[in-house]
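In what follows, every heavy atom counts, from backbone to side chain, and hydrogens, waters and symmetry copies are set aside. Throughout, a chain's letter reflects where its sequence line sits, starting with A, and its residues are numbered from 1.
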There are 2 protein chains.
Amino acid sequence: MQDLNISAPDSTVQTEIYAKFFHGLSNPTRFKIVEALLNREMNVSQLVEAVGASQSQVSNQLACLKWCGYVTSRQEGKYILYRISDERVRTILQLAKEIVADNAEHIRCRTRM
Amino acid sequence: MQDLNISAPDSTVQTEIYAKFFHGLSNPTRFKIVEALLNREMNVSQLVEAVGASQSQVSNQLACLKWCGYVTSRQEGKYILYRISDERVRTILQLAKEIVADNAEHIRCRTRM
DNA sequence: ACAACATATAAAGATATTATGATATATAAA
DNA sequence: TTTATATATCATAATATCTTTATATGTTGT
């Protein structure tokens, strides 16, 4: 088993994997899907309505999110239900929102001076 | 001041800002820069050596990271020193690495069955 | 087996991102 | 003021991503 040393520089391969992981949240449609699934498990049709994108698009982005490890799926009858695979994803989104909010605040302050 | 309700769906504009924010970490060079700066403040030339990319590339990616709110800079003589603007960035990277590590473990398990 | 619905996949063009090389700007030293 | 060094910016070619449309796959009910 390979250990995970946060402070050590990563190998090129590891770095690319991490970059790919963040790529998962770098698209508005995928971000909305993740947000929707943080509230509750949903099937594809429900997601199509929730995020306002085409079925094809949602399916594609779900494949991407699945590959990145954000979501998992299970079949229930003719539906396929997706859910967030790891609760830590919620924390990541929360931190990001806080940072963005504070950053926007700083920018607002600066323009006043 | 606008409140930050994590569970409520975001407006399209907010969603795009968050997606842009994660875009910051979705590129290997930018990811390496952030990792390097989490260890210590560095100038551009030091970053060029640390991440193994061209000066032009590093400057460009720094501009992107600055825009996203990951880094800030200050001038010291003829050098410009960059540092991580928010310690919460460290937590985000740590969580991401943990999720990726666990996910890789799951994939490894599945291929054995 | 057939029809209807749910989801996934594939191909195409449109758009965005990245890497590269050249050049501009700014600071420091001579 | 000239030269050297550090950083930023710009143009563009190469590459990757996204959107759209069409089609394939799989499930349920008749």
Side-chain angles (χ1 to χ4, degrees), chain A residues 12-13 15-34 36-37 40-85, chain B residues 12-13 15-37 40-68 70-85:
Chain A
T12 303
V13 174
T15 300
E16 273 165 16
I17 292 173
Y18 297 141
K20 284 264 182 205
F21 177 78
F22 283 112
H23 176 77
L25 295 173
S26 75
N27 168 283
T29 301
R30 286 194 297 269
F31 188 90
K32 279 187 212 163
I33 291 175
V34 170
L37 294 179
R40 62 185 179 85
E41 191 179 47
M42 291 172 88
N43 66 41
V44 180
S45 304
Q46 290 172 322
L47 282 169
V48 166
E49 199 181 14
V51 310
S54 73
Q55 180 269 317
S56 161
Q57 212 172 148
V58 170
S59 270
N60 266 312
Q61 309 294 30
L62 280 170
C64 177
L65 289 171
K66 199 171 181 177
W67 188 92
C68 287
Y70 287 100
V71 305
T72 54
S73 62
R74 68 189 174 91
Q75 184 143 8
E76 198 177 76
K78 62 178 172 176
Y79 300 103
I80 296 187
L81 302 181
Y82 282 85
R83 62 188 165 78
I84 298 296
S85 59
Chain B
T12 302
V13 174
T15 300
E16 273 165 16
I17 292 173
Y18 297 142
K20 284 263 181 207
F21 177 77
F22 283 112
H23 175 75
L25 295 174
S26 74
N27 168 283
T29 301
R30 285 194 297 269
F31 187 88
K32 279 187 212 163
I33 290 174
V34 170
E35 264 200 324
L37 294 180
R40 62 185 180 87
E41 191 179 47
M42 291 172 89
N43 65 41
V44 179
S45 303
Q46 290 172 322
L47 282 169
V48 166
E49 199 182 12
V51 312
S54 73
Q55 180 269 316
S56 161
Q57 210 174 149
V58 170
S59 270
N60 266 311
Q61 308 295 29
L62 280 171
C64 177
L65 289 170
K66 199 170 179 178
W67 188 92
C68 286
Y70 287 100
V71 305
T72 54
S73 62
R74 68 189 176 91
Q75 185 144 5
E76 198 177 76
K78 61 178 175 177
Y79 300 104
I80 296 187
L81 303 180
Y82 282 85
R83 63 188 164 78
I84 298 296
S85 59

d(CG, A/Asn27; C1', D/dT17) in whole Å: 9 Å
Spacing of B/Lys32 atom NZ relative to C/dT18 atom C1', expressed in whole Å: 14 Å
Integer-rounded Å distance: D/dA6 P and B/Leu47 CG: 14 Å
Rounded interatomic separation in angstrom, taking CE from A/Met42 and P from C/dA6: 14 Å
Distance, rounded to the nearest Å, where B/Leu25 contributes CG and C/dT17 contributes P: 15 Å
A/Phe21 and A/Tyr70 aromatic ring geometry - parallel, tilted or perpendicular at 30°/60° bounds: parallel
Any A/Ser45 side-chain nitrogen or oxygen under 4.0 Å from OP1 or OP2 of C/dT7: yes
From B/Gln61 atom CD to B/Lys32 atom NZ, the distance as rounded to the nearest 0.5 Å: 11.0 Å
Minimum heavy-atom distance between B/Tyr82 and B/Lys66, given as atom pair plus value: CE2-CD, 4.5 Å
Closest-nucleotide ordering on DNA chain D, the 5'-leading residue of A/Lys20 and A/Gln75: A/Lys20
N/O to N/O distances under 3.5 Å, protein versus nucleotides 8-11 of chain D:
from: D/dA8; atom 1: OP1; to: B/Tyr82; atom 2: OH; distance (Å): 2.6
from: D/dA8; atom 1: OP2; to: B/Ser59; atom 2: OG; distance (Å): 2.8
from: D/dA8; atom 1: N7; to: B/Gln55; atom 2: NE2; distance (Å): 2.7
from: D/dA8; atom 1: N6; to: B/Gln55; atom 2: OE1; distance (Å): 3.1
from: D/dT9; atom 1: O4; to: B/Ser56; atom 2: OG; distance (Å): 3.2

Atom CD of A/Gln75 with >12 non-hydrogen neighbours under 6.0 angstrom: yes
Presence of A/Asn43 side-chain N/O under 4.0 Å of C/dA6 phosphate oxygens OP1/OP2: no
Which nucleotide in C/dT20, C/dA28, C/dT7 has an atom nearest any side-chain atom of B/Lys78: C/dA28
Sugar-phosphate, base or nothing in reach of A/Gln46, heavy atoms under 4.0 Å: nothing
Whether A/Arg30 side chain and A/His23 backbone form a donor-acceptor pair below 3.5 Å: yes
Between the first and last five pairs of the helix from C/dA1-D/dT30 to C/dA30-D/dT1, the angle of the axes, rounded to 10 degrees: 30°
Smallest separation among heavy atoms of A/Ile80 and A/Ser73, with atom names: CG2-CB, 3.8 Å
By side-chain contact (heavy atoms from CB on, under 4.5 Å) - contacts of A/Ala53 (at least two apart): A/Thr29, A/Val51, A/Gln57, A/Val58
